[in-house]
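Since the structure comes first, as structure tokens, the remarks are kept for the end.
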Amino acid sequence: MSDESNAAESGPSHRAIEIAVALLALAFGIIVLIGSLQVGIDWGSEGPRPGFFPFYISLFIIVGSIYNLAQATFLGGIKQELFSSWEQLRRVMAVVAPTTVYVALIPFVGIYVSSLLLIGVFMIWLGRYSLLKTAPIAVGVPTVVYIVFERYFQIALPKGPIEYWLGL
Amino acid sequence: MTTPTIRNAFGAWTALWFAAVLGLVPAQAQWQPNRPVEFIIPAGTGGGADLMARTIQGIVTKHSLMKTPMVVINKAGGAGGEGFLDMKSSRNNPHKIVITLSNLFTTPLATGIPFNWKDLTPVAMLALDEFVLWVNAETPYKSAKDYIEAIKKAPPGQFKMGGTGSRQEDQIITVAIEKSTGVKFTYIPFRGGGEVAVQLVGNHVDSTVNNPNEAVAQWRGGKVRPLCVFDGKPLPYNEVIVDKLSWNSIPTCKSQGLNMEYLMLRGIFMAPGATPDQVNFYVDLFKKVRETPEWQKLMQDGAFNQSFMTGAEYVKWVTTEEQRHRDLMAEAGFLAK
Amino acid sequence: MEEIGNLIQGFATVLEPFNIGVMIIGIVLGVIIGVLPGLGGANGVAILLPLTFSMSPTSAIIMLSCIYWGALFGGAITSVLFNIPGEPWSVATTFDGHPMAQQGKAGEALTAAFTSSFVGALFAVIVITLVAPLVARFALKFGAAEKFGVYFLAFCSFVGLSKEPAFKTVVAMMIGFALAAVGLDHMTGQLRLTFGFTELLPGFDFLIAVIGLFGIGEILLTMEEGLRFKGQSANINLRVVLQTWMELPRYWATSIRSCIIGCWMGITPAGATPASFMSYGIAKRMSPRGKNFGKGEIEGVVAPETAAHAAGTSALLPMLSLGVPGSPTAAVLLGGLLIWGLQPGPLLFVEQKEFVWGLIASMYLGNIVGLIIVLTCVPILAAMLRIPFPVIAPIILVLCAIGAYTVHNNPFDVIMMLVFGVLGYVLKKCDYPLAPLVLALVLGDKAEEAFRQALLGSQGSLTVFWSNGLVGSIMLLGLIALFWPTIQNGLARLRPRRAV
């Protein structure tokens, strides 16, 4: 554990995150193992069956993760420091949270409206820009994207009710 | 799993908005697209279906056959399953059409994905793609008979057949040849027809069943030799390709003792729930496409079978073919368990 | 020299005003396509293919191939500036290009990237001009076993490079292989590892993983540090171009090696992406500055960019002479040839002289025009790092989301991009190397396919990988590359020790 744990520098320890990552990788390896067993891991008339390679890959992942887990728990050799402070994590979440909402919104309102919202929220909330400075960028970027992708390259991007209403 | 819910919700929104749009605009005698039409290709860029779809897009644009643009989208994942499932989930969207190849039948049968062509609305058969048995020009086999004789003399599995994909048309034909002659090939799947043709030229495989346009360049270059065509009658194209030979001079496989006929569908389907009016619009559109010189050229270059079908006739053809694929694949043990 | 005469004829065709105009439009569009992550050269060319219907075949191929050159140039831009590879082959460019940008040397990195791209392309075009028929015959020798050999070599020259703990490297790489295996198994036509979820049908695309792991991950790392990008002090005048040029000749050995690797990979055809990784890996082993790779060494930008562009350009050769595409973009161009009524293959060079030599001439000119265009943009691009983070970050996120969507037109991919982004942030902080993961993801299924094809052909006998001189020497090279650090140590011990 970290020696100097003053108030500002508290946060999840590196060790805890290492353990979590190793467990996640282990779980992933087990999923791959199950999946490869489902489709056959032996040699058939068409050469190796579909699960042949994934099976050995999953073994590597499982063994590697167990070693990494051991190292994080009792073998040592892991950085004895914080993964990052709560303050730093808060800043990271300030990107992850709006982006998650953004990604979740795309199927419902389309990519244009949600992009406008993301840029708007970001600039006003994180950048503390005024609405007057934010609006041109928040509206301008989706408009340029629309012209470049839909009009010029003729690529259909996800659209929502507003676009249908506008007849785009 | 959140995505299906999201998709359903999206579908609901779409339906809602169509209802609104249709309510606002009085029903017209002739349906016309009022938004860009998405043209789905259940195959990758650069393949035969992609080439045909993009040619159609070019023809539609060049001759202004439609008021709104046509946008081509590749959805090749899972041997085209991605594209078909996308069509299936686009119920009541008349602005979406799909071009099909044999994977319309083979992909659901081989992978067990929840899709059947009956989920879609049939529009028209544009053409049928031919298959030809090719060998390397350096080999001594002058006819399919010679070739089969040679395989019979060798230990089973020594002759290698190269083809596009696994449990798809090329392998189905290979299995059918094996059944009809009693020989045994080692079938090696590759990603695309062009790659297969080059493997033949490089002598890494012994024969292929490439489509005409996949191998014609190598034929003209004197690198490969056609042995027979898997159609009921010789191809109608008389234009000389190399050494006084034309597509027409290739004998049918039947006449060579290979009892197999196989043609691949190049057809158009709409999303489920399309009205007859909407189907008629696309039937008319493709009739116009077929009359253009660009289309004629594509047909001639690829030595296509130019059958055109719509309506009940088309449905009947597709139904028969599906049953045939099911039988062929069941016999070969290719069905998903 | 008949070729030179033909080439001069070709230049005459290309220098028509209409064709020059088409060329410039093509390059600019290509750079835009290259910059946008996800929207690759293949998509770009495919999208614009129908537009060329009304042109002559020569003008049409000039336009489309120039889009391709533009995309090759453009891929490096976002790699250097924001750690987002615009194209698969510019992933390796991020390893040193982005650290350079963080040190305020974005202008230098961009200049090095563009110039090396140009050198690689020029080398490849000269190869095409002079030895096309010979090289085409070489490409025919590559069956499945040889292809597997090439992928094996690409892996071997790259693994064992990272400073991260060995077990973490193995786990990261194997996760990449496992992700590459999801979806349809091409060898048997069966689905695997999809567990009945239709969203997993297309498998995990390399580009989506890369946009997430590198691009989004980098934004999160930047956020952790505070609300700004490093490297705002970048030089933003054109003098930086000249200064970098003075420095570049020093890396001639890496350049030549990368050119050869690139041409080889393009012709065989393995493609630009493995070429860039392999070239980076080998440069790191061979260069006296190898230890600094990954920390912002300019040679680490030169190596992958030269090889990628050489591979991208020479990929057109097998397409023209054999009718087999060396890259996805070449596959689309091949479709174009057929639409325009030209048949690629052995006779194209004989029957369509004007077209072929027009195309080759346009490769020379297109790359020169492209270099001028992108170099003049260097100051503008470097200045982009000065845009305040709260403004540029959401725009990058939006472009990443659009990029992830356009890869397969699948909204599910946008979700995956974000998942990969968070994963990239956590893995990087836990010292799991991302490069082996990405390399395994891009080459994994191809290598597996080639391996299984080769075994089918040999009826299960592993000796196929030693069956002839070509595949044997490729495999041997791979083993040498894999054990190079050990070999180097051994050699050093054999040598008599000298006082330092």
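Chain letters run A, B, ... following the sequence lines, proteins first and then strands; every chain starts at 1.
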Which atoms of [X] approach chain A - backbone, side chain, both or neither, heavy atom under 4.5 Å:
X: C/Val422; value: side chain
X: C/Ile216; value: neither
X: C/Val170; value: side chain
X: C/Leu36; value: side chain
X: C/Ala178; value: both

How long is the gap from [atom1] on [X] to [atom2] on [Y], to the nearest 0.5 Å?
X: C/Leu191; Y: A/Gln38; atom1: CG; atom2: CD; answer: 11.5 Å
X: A/Trp43; Y: C/Leu455; atom1: CH2; atom2: CG; answer: 4.5 Å
X: A/Phe52; Y: C/Arg452; atom1: CZ; atom2: CZ; answer: 9.0 Å
X: A/Leu89; Y: C/Leu220; atom1: CG; atom2: CG; answer: 10.5 Å
X: C/Phe195; Y: A/Ile31; atom1: CZ; atom2: CD1; answer: 6.5 Å
X: C/Asn409; Y: A/Leu157; atom1: CG; atom2: CG; answer: 8.5 Å

What is the minimum heavy-atom distance between [X] and [Y], and which atoms define it?
X: A/Ser84; Y: C/Tyr425; answer: OG-OH, 3.9 Å
X: A/Ser115; Y: C/Val398; answer: OG-CG1, 3.5 Å
X: C/Gln190; Y: A/Pro50; answer: OE1-CG, 3.4 Å
X: A/Pro54; Y: C/Leu193; answer: CB-CD1, 4.3 Å
X: A/Phe122; Y: C/Ala393; answer: CE2-CB, 3.8 Å
X: A/Ile17; Y: C/Cys430; answer: CG2-SG, 3.7 Å

Are any of the side-chain heavy atoms of [X] and [Y] separated by less than 4.5 Å?
X: C/Leu179; Y: A/Phe28; value: yes
X: C/Thr406; Y: A/Phe149; value: yes
X: A/Asn68; Y: C/Lys168; value: yes
X: A/Trp125; Y: C/Pro390; value: no
X: C/Pro165; Y: A/Tyr67; value: no

What part of [X] gets closer than 4.5 Å to chain C, counting heavy atoms only: side chain, backbone, both or neither?
X: A/Ile111; answer: side chain
X: A/Val145; answer: side chain
X: A/Ala156; answer: backbone
X: A/Ile119; answer: both
X: A/Thr100; answer: both
X: A/Ile137; answer: side chain
X: A/Tyr102; answer: side chain
X: A/Val141; answer: side chain
X: A/Val39; answer: side chain

inquiry  = Whether the side chain of A/Arg91 engages the backbone of C/Met223 through a donor-acceptor N/O pair (distance < 3.5 Å, no angle test) should be reported.
reply    = yes
query = Among C/Val426, C/Ile402, C/Leu48, who wins on heavy-atom pairs under 4.5 Å with chain A?
reply = C/Ile402
message = Heavy-atom pairs under 4.5 Å with chain A: which of C/Leu423, C/Val414, C/Leu418 has the most?
response = C/Leu418
task = Assess the pair C/Phe177 and A/Phe60: is the distance between their ring centroids shorter than 6.0 Å?
result = no
